[in-house]
K.L.:
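This is the structure I want to talk about, given as structure tokens.
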Amino acid sequence: MKAKEGKIYRVSGPVVIAEGLDANMYDVVYVGEEELIGEVIQINGDKATIQVYEDTSGLKPGERVITYNQPLTVELGPGIMQSIYDGIQRPLEVMKSLQGDFIKRGARVNALDRKKKWKFKPLVKKGAYVEPGSIVGEVKETELIVHKIMVPPDYKGGKVVEIKEGEYTVEDVVAKLDSGEEIKMMQIWPIRKPRPYKEKLPPKVPLITGMRILDALFPIAKGGTAAIPGPFGSGKTVTQQSLAKYSDAQVIVYIGCGERGNEMTEVLVEFPELIDPNSGKALMNRTTLIANTSNMPVAARESSIYTGITIAEYYRDMGYDVALMADSTSRWAEAMREISSRLEEIPGEEGYPARLASKLAEFYERAGRVVTLNENVGSVTIIGAVSPPGGDFSEPVTQNTLRIVKVFWALDAKLARRKHFPAINWLQSYSLYKDTLQEWFNENTSKDWNEKVSKAMSILQEEEKLQEIVQLVGSDALPDKEQGILFIAKLLREFFLQQNAFDENDAYSSVEKTYLLLSLILDKGEKVMELIDKGVKAQHIVSMKSFSRIAEIRYAKDYKKKAQEVSKEIDKELEEIEKSFM
Amino acid sequence: MNIESRKEYKTVEAIKGPLLFVRKTHAVGYGELVKIKLDSGETKLGQVLDTSKDLVVVQSFEDTTGMSLTSSVRFLGDVFRFKVSDEIIGRVFNGRGEVIDKGMKITKGEAMEVIGNAINPYSRAKPQDFIQTGISTIDVMHTLVRGQKLPIFSGSGLPHNDIALQIARQAKVPGKEEDFAVVFAAMGITHEEAYKFINEFEKTGAIERAVVFLNLADDPASERLLTPRLALTAAEYLAYEKGMHVLVILTDMTNYAESLREIASAREEIPGRRGYPGYMYTDLATIYERAGIIKGKKGSVTQMPILTMPGDDITHPIPDLTGYITEGQIVLGRDLHRKGIYPPIDVLLGLSRLMNNGIGKSKTREDHKEVYEQLYSAYAEGKDLRGLVAIVGRDALSERDLKFLDFADAFEERFVKQGLYEDRSIEQSLDIAWDLFSMIPEHELVKIKPETKKKYYKSKK
């Protein structure tokens, strides 16, 4: 590759203008004597505008700028899992050993370890015909992930003329084709270009999250998209982390985009110790982290989202169900805004660039359940946190996101203040996958899953209406029947919707447990309404002691046994009330 | 010093607010320090904000009064630095790092760049050591841990400075004798307030373990952008080089943000929300994120920024963006203040995100978490009932509700309220809570486990 050279003309924060540089849009450039990494984002005559991924202090006009006319890429191959990268896929662990505890400039580090040897097992024989995307072999990457080695999608493909089992580094050739192409365990892929697939499939299978309110009321499909907007302190990060811990995806890509450093530390400390409820192995085995904290360079924050999604697509191509958490997409949008204002572009709404909507759409469109080039089915689910200023959902990032995503989990400051967690507002949130996933839930849980869920939802809606009256006249003034509904709604809120993310037994609720709790509350609710119809006063029901024991089911190790016990006790108390009243 | 840094340019083309536009011939680095010599012979400091082949934009850290097109400009070829050594402890500096107490100049030490580098997330250690501030509301309800950034959201006229001073005086990790220091950075506060701080530091002897930076209300706005960075450079040195546990108090961040807006508008930048620059989040993050603990290093940097919410509005961009970066917030309430309650901390609006890391058995006390949850829910319920009483009157409440109503009053009077010099241990604070719980029947304490109640609950005779 031949390097082309230009000179710095102007420096303004993370934006550098170079002159005399023969570059294409989105080419990677190396700026100044320290060779800071940047990307061309505008070309105007002889001048190229560059966003620089590192601090630009000390850069001077006249210093050189080099480009190899290559776009910004990521390295894809074994070793990604269990790693923590910055926004341009530099491994932070290696950076620490090179530079110390603070991130300094000008580090050029490989994303994948070049020395480490992996045990390659061929899956095709000599003479087999392979196409772009075909799987030629595999490597055990971690305890949970078998890493498929694929023909890069931009290859021509052909007959395998050489392939051998053995220990290789990511740069060694593991197979040769008659087209002359050589297959290595590492592929290079530009981050702004979606990886190809054969066909997009409609989402039909839910991503089980282990959070009751999500799985029952607002389910997300594998390959779907969801947004979690909420003001600070409403639990966005806790929700995202819960999803990363307990959802039944096979691979997790967690992007800390412009957020707190200590939060990434928490993930780094916790995940290697936490056990995945689905596989029984440490969670870190299936996780990769992209950390570009709020004080790291803003341009690298912009690219961190693309780095993450490209990695997610790569694992999808192996046939895995991948879930990508982006916390937070607002910081990503702000990074775009910051760069755009340095370019003195005419701003759209609230100073965001006019292309905000299309950028968000492009990103979320990279989600999906697909038939891969190698005829497997894989998926990428995107769950993006949004941090609306002042908690106001009418702002541009929230609004433009909602136009694209299919699931909306609205976090509510009021619920958070009442310590109702997860603080997801059940009246504001929605899931457009509800109908398509209906079939799956009916088949895999119980036939009346959807019936029960609708029932619960209508009780909660009824409660909202009644609350308006209660605020005026107090609940005692309501007829007994309405008081009964309020009571059941309260049970649903406190014992079903609420979930303690910090309790070892309650943090994860299997679909069975979710169904059991839901039907228990609704069944008892029906009995309560029957009694009220028979003339029992609501106040007798409300003062019953046994109902509060439903909480114990949430926290019990053997929840089935506990549920039986509690159910019996409630029945007994209900009977007593009925008897004493009749 | 190289030859170029001796070149003096007399080519100022325009002066606008704190900004100078200078034509030059040699290459000037972004962020480079600039000396501006006035016709009167006086020199002032500035920094390069934008550099191109022939024109440079310089931001003056000091007042531009007296500058003219004939002023001369010298580019120093280096970024802004602050000299750190153990000599800085016990000293008072102005907002750009010059000694202003009567002592000697700082002679030894390494000059550190004040724009700090980001801590590699991989190098961070999890913050989990409980800091006892001696203030019940903070210790029990919004527990502070080492390495955390926990701001105080206040309003004008509220006693946030008193609270900051009390914390600076009392903060300690119980049971540990370790090197402790306070770095105090004042931004845009009045002479009177500054005097109070210094006086208080001297009176209590706290000055001997403090480093003070004062940028006062009549000091230039652009200097204010440097002050917190100087303070954090000093703090990082003390924490990571000297192994000290440093508490950094930054007051008032609202003044800082106003300066940021002032400079941005002088540069004719496209404004974001309410005229604040679009990069304010990133800019504030480069300050707040400098709190933390590093694996394998002894010290820590804990931050307590103070800001006054304009119009007591928590959704205003300054508290809003701060809340998105910091690990919780302590919110002061005007209602409580009016009732004469000090410290007027509204526990229902506050939050400490790292609290769970620092409490419980062997850290504070086994009952801490349950007590916290019960206090919160009982007080919230009592406070709700106040609204109802206003409509229907006290007589209409049930026996049970009356107990919660009285609990809320007692909570404010006995738990929240405490003396300016009252240093309560965490045990004392928790015991007060149990005292208050005796006002409520035992079975109503639903957030507390039976075995905990058995150990601590005393019913009211």
K.L.:
Give, as side chain, backbone, both or neither, the part of Glu93(A) having an atom under 4.5 angstrom from any heavy atom of chain B.
P.N.:
both
K.L.:
Applying salt bridge (Lys or Arg N to Asp or Glu O under 4.0 Å), can you list everything that pairs with Arg90(A), at least two apart in sequence or on another chain?
P.N.:
Glu54(A), Asp86(A)
K.L.:
Could you tell me whether Asp327(A) and Lys236(A) have a side-chain N and a carboxylate O separated by less than 4.0 Å?
P.N.:
no
K.L.:
Do any N or O atoms from the side chain of Tyr281(B) and from the backbone of Gly258(A) form a donor-acceptor pair under 3.5 angstrom?
P.N.:
yes
K.L.:
Based on non-hydrogen pairs under 4.5 Å, which of Glu269(B), Gln329(B), Lys295(B), Glu32(B) is most in contact with chain A?
P.N.:
Gln329(B)
K.L.:
Which bit of Ser377(B) is near chain A, if near means a heavy-atom gap under 4.5 Å: side chain, backbone, both or neither?
P.N.:
neither
K.L.:
Please state whether the side chain, the backbone, both or neither of Glu327(B) comes within less than 4.5 Å of a heavy atom of chain A.
P.N.:
both
K.L.:
Please flag which part of Leu348(B) lies under 4.5 Å from any non-hydrogen atom of chain A: side chain, backbone, both or neither.
P.N.:
backbone
K.L.:
Give me the atom names and distance for the closest heavy-atom approach of Val28(B) to Val48(B).
P.N.:
CG1-CG2, 3.6 Å
K.L.:
For chain A, which of Thr282(B), Val57(B), Leu349(B), Leu351(B) has the most heavy-atom pairs under 4.5 Å?
P.N.:
Thr282(B)
K.L.:
Side chain, backbone, both or neither: which part of Pro127(B) has an atom under 4.5 Å from a heavy atom of chain A?
P.N.:
side chain
K.L.:
What residue, out of Asp50(B), Ile314(B), Leu388(B), has the most heavy-atom pairs lying under 4.5 Å from chain A?
P.N.:
Asp50(B)
K.L.:
Side-chain donor-acceptor pair under 3.5 Å between Thr286(B) and Arg229(B), yes or no?
P.N.:
yes
K.L.:
So what's closer than 4.5 Å to chain B heavy atoms on Arg105(A): side chain, backbone, both or neither?
P.N.:
neither
K.L.:
Under 4.5 Å heavy-atom distance to chain A, tell me which part of Tyr279(B) shows up: side chain, backbone, both or neither.
P.N.:
both
K.L.:
Quick check: does any side chain N or O of Gln374(B) sit under 3.5 Å from a backbone N or O of Val446(B), one acting as donor and the other as acceptor?
P.N.:
yes
K.L.:
Quick one: what part of Pro319(B) sits under 4.5 Å from any heavy atom of chain A, side chain, backbone, both or neither?
P.N.:
backbone
K.L.:
Against chain A, work out which of Arg290(B), Glu373(B), Arg353(B), Glu268(B) has the most heavy-atom pairs shorter than 4.5 Å and name it.
P.N.:
Arg353(B)
K.L.:
Non-hydrogen atoms of chain A under 4.5 Å away: do they reach the side chain of Lys24(B), the backbone, both or neither?
P.N.:
side chain
K.L.:
Under a 4.5 Å heavy-atom cut-off, does chain A meet the side chain of Leu354(B), its backbone, both or neither?
P.N.:
side chain
K.L.:
Pair Tyr276(B), His316(B) - check ring-ring contact (aromatic ring centres under 6.0 Å, His included), show working.
P.N.:
CA-CA 11 Å; Tyr276(B) 294 96; His316(B) 184 281; 5.6 Å; yes
K.L.:
Without hydrogens or angle criteria, can the side chains of Glu259(A) and Ser294(A) be said to hold a donor-acceptor pair below 3.5 Å?
P.N.:
no
K.L.:
Check each atom of Asp283(B) against the heavy atoms of chain A and say whether the ones under 4.5 Å are side chain, backbone, both or neither.
P.N.:
neither
K.L.:
Determine whether the side chains of Glu345(A) and Ser340(A) contain a donor N or O and an acceptor N or O closer than 3.5 Å.
P.N.:
yes
K.L.:
Just checking, is any N or O donor in the side chain of Asn292(A) or Ser304(A) under 3.5 Å from an acceptor N or O on the other one?
P.N.:
no
K.L.:
Among Gly387(B), Gly278(B), Gly147(B), Gly323(B), which residue has the highest count of heavy-atom pairs closer than 4.5 Å to chain A?
P.N.:
Gly323(B)
K.L.:
Let me know if Tyr288(B) has heavy atoms under 4.5 Å from chain A in its side chain, its backbone, both or neither.
P.N.:
neither
K.L.:
Answer with yes or no whether the side chains of Thr288(A) and Ser83(A) bring together a donor and an acceptor at under 3.5 Å.
P.N.:
no
